[in-house]
There are 2 protein chains.
Amino acid sequence: MTQDTEEWVDRLAKARATGERSSMIEWVADVLRGQIFEGTFEPGQRLREEKIGEILEVSRNTLREAFRLLGHERLVVHQFHRGVFVAQPSADDVADLYRVRRALELSAVRGASGAPRSGIDAVAAAVTEGEQALGGEDWWGIGTANMRFHEAITALAGSRRADEIMRQLLAEMRLVFHIMKAPREFHAPYLTSNRRISDLLSAGRTEDAEAALAAYFDIAERQLLEAYDRGGPAGPDAPG
Amino acid sequence: MTQDTEEWVDRLAKARATGERSSMIEWVADVLRGQIFEGTFEPGQRLREEKIGEILEVSRNTLREAFRLLGHERLVVHQFHRGVFVAQPSADDVADLYRVRRALELSAVRGASGAPRSGIDAVAAAVTEGEQALGGEDWWGIGTANMRFHEAITALAGSRRADEIMRQLLAEMRLVFHIMKAPREFHAPYLTSNRRISDLLSAGRTEDAEAALAAYFDIAERQLLEAYDRGGPAGPDAPG
DNA sequence: CACAGCTAATTGTTCAACAATCTGACAAGG
DNA sequence: CCTTGTCAGATTGTTGAACAATTAGCTGTG
């Protein structure tokens with residue numbers, strides 16, 4: 001145990017009080033996913049069935065089914081007879097994430113000329129949202145807006161499956177940011193790049209937009225990997 | 001922990017991280033997945049917990065966790081308080097599947113110049129496997145070889161995540177073939193196309209290979225959708 | 001035929017129990 | 001000092017039963 005003053009107990013208890021849902025399992029998965037995003041659970045942290053089940057007031061079976069879902073989303077890693085741990089993406093994982101993101105997002109932009117106006121508007125809206133967050137120095141909001149920007153980019157392809165895949169990839173990206181302790185300000189410098197991509201899309205210059213997005217990927221990935229190098233390997237027995 | 005820079009340390013560490021051991025749940029999921037592929041369970045068929053649990057001699061809890069996994073792979077559809085059904089991909093799903101496949105596979109081919117020789121060899125091996133199956137009139141083998149061909153194409157990108165995503169997409173494609181009752185001979189005409197793509201890759205002509213693959217996608221998708229039209233909508237309450 | 005109500009069947013969730021396995025501490029021996 | 005074996009405690013894996021919640025099917029009535 002890292003701390004005796006485990007504050008996350010309170011947060012989970014609070015989450016328990018806030019509502020019901022159709023399926024307990026999905027509710028539990030939603031809560032845990034949210035807590036992972038917030039950073040309540042650190043990457044690599046072990047999640048004990050009994051304790052968390054007790055806090056959320058769900059049985060171990062229900063909790064385990066929720067863990068399965070999160071495991072399939074790569075947010076937690078399940079080790080036989082050892083338990084589930086919050087995933088800890090490695091530098092290799094970062095490179096892998098960017099490979100898939102390049103394939104999906106660049107492809108979406110390439111076919112953007114056939115996308116409906118509403119899709120391109122959604123991209124622009126995400127950029128505006130980020131700019132407003134920047135004005136209010138709302139760093140958390142900037143990160144969220146940036147994620148929404150890339151979701152909107154992907155949505156240009158008009159594929160439910162691509163949308164869901166991207167949601168998962170971006171969820172993993174959040175873990176990456178947590179690991180390298182890069183605060184959400186990391187996203188701020190890319191706002192101008194996002195704006196430019198959005199403008200190019202609105203102008204129908206999809207080829208230029210694609211090139212700009214590709215350049216963004218190169219820079220962002222390199223910067224992340226350098227940050228990983230500086231931080232060094234997180235730990236010896238890092239799961240995930 | 002000091003710096004033990006001997007390489008076997010890494011190997012052991014990697015082996016440990018990769019080591020997922022057999023659990024009942026995954027075994028059950030494997031069995032059910034196999035039965036769905038074989039056609040033992042028809043698309044749309046309901047899978048009752050009690051009955052299947054009895055046959056496989058596992059408890060309902062274990063079976064339900066396995067169902068969660070298959071649901072996340074889109075092989076079954078879970079309806080609250082109604083049960084799980086074998087997925088029944090619609091014509092829209094087929095179009096969606098091809099959107100993602102285009103993004104991933106074409107991207108992989110585009111970057112094939114940087115892929116290791118072994119990857120291109122794997123593509124050629126899959127084609128050869130299909131040709132041999134054709135000679136033996138082994139229709140099932142042709143379908144399998146075709147799947148392996150596209151897996152090998154995707155693997156050129158060198159991304160674990162892309163590989164896994166493609167495995168899932170191809171699993172869904174099997175359901176599509178079951179639905180339109182297209183026997184595996186459906187794949188046979190595309191063997192020559194596969195051979196050509198493979199040869200172009202071996203010759204390093206990645207752009208031509210990409211164009212050939214794109215043409216294949218267009219034809220295959222159109223043929224599938226036409227078959228769907230002929231068959232008409234499968235049913236009124238088709239889950240999927 | 002439509003339809004409300006009742007019953008049976010099925011799933012959702014919890015609980016308690018036991019088996020299998022990991023963890024950590026501690027003693028024995030080199 | 002370091003390694004190794006052993007043992008007890010803790011945690012997960014799996015089962016089976018129980019009950020609640022919801023759906024599906026049937027029945028009688030108008």
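Chain letters run A, B, ... following the sequence lines, proteins first and then strands; every chain starts at 1.
Scanning for salt bridge (Lys or Arg N to Asp or Glu O under 4.0 Å) contacts around A:Arg102 gives A:Asp218, A:Glu221, with sequence neighbours left out. A:Glu172 is linked by a side-chain hydrogen bond (donor to acceptor under 3.5 Å, both in side chains) to B:Arg161, counting only residues two or more places apart in sequence or in another chain. Remark: B:Thr154 pairs with no residue by the side-chain hydrogen bond (donor to acceptor under 3.5 Å, both in side chains) rule, at least two apart or across chains. Residues passing the side-chain hydrogen bond (donor to acceptor under 3.5 Å, both in side chains) test with B:Gln35 are B:Thr40, sequence neighbours excluded. Residues satisfying the salt bridge (Lys or Arg N to Asp or Glu O under 4.0 Å) criterion with A:Glu73, sequence neighbours excluded, are A:Arg33. Scanning for side-chain hydrogen bond (donor to acceptor under 3.5 Å, both in side chains) contacts around B:Thr144 gives an empty result, with sequence neighbours left out.
The distance between atom CD of A:Glu54 and atom P of D:dT11, rounded to the nearest whole Å, is 12 Å. The interatomic distance linking A:Leu56 (CG) with C:dT14 (C1') rounds to 15 Å, in whole Å. Between A:Trp27 atom CH2 and C:dG12 atom P there is a gap of 18 Å when expressed in whole angstrom units. One can place CZ of A:Phe67 at 11 Å from C1' of D:dT12, the figure rounded to the nearest angstrom. Atom-to-atom, CD of A:Gln79 to C1' of D:dG13 comes out at 15 Å; the value is rounded to the nearest Å. One atom, CZ of A:Phe80, and another, P of C:dT21, lie 7 Å apart when rounded to the nearest Å.
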Task: Nucleotide-resolved protein contact map, nucleotides 4-10 of chain C, B/S/- at heavy-atom distance under 4.0 Å - done: ------S
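Pairs engaging residues 141-185 of chain A under the ring-ring contact (aromatic ring centres under 6.0 Å, His included) rule: A:His150-A:Tyr216, A:Phe177-A:Phe186, A:Phe177-A:His187 [sequence neighbours left out].
Listed for the A:Asp93 side chain is a donor-acceptor partner under 3.5 Å among the backbone atoms of A:Ser90.
A close approach under 4.0 Å does not occur between any side-chain nitrogen or oxygen of A:His78 and OP1 or OP2 of D:dT12.
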Protein-nucleic acid N or O pairs under 3.5 Å, nucleotides 15-19 of chain D:
from	atom 1	to	atom 2	distance (Å)
D:dT15	OP2	B:Ser59	N	3.3
D:dT15	OP2	B:Ser59	OG	3.4
D:dT15	OP2	B:Thr62	OG1	2.4
D:dG16	O6	B:Asn61	ND2	2.5

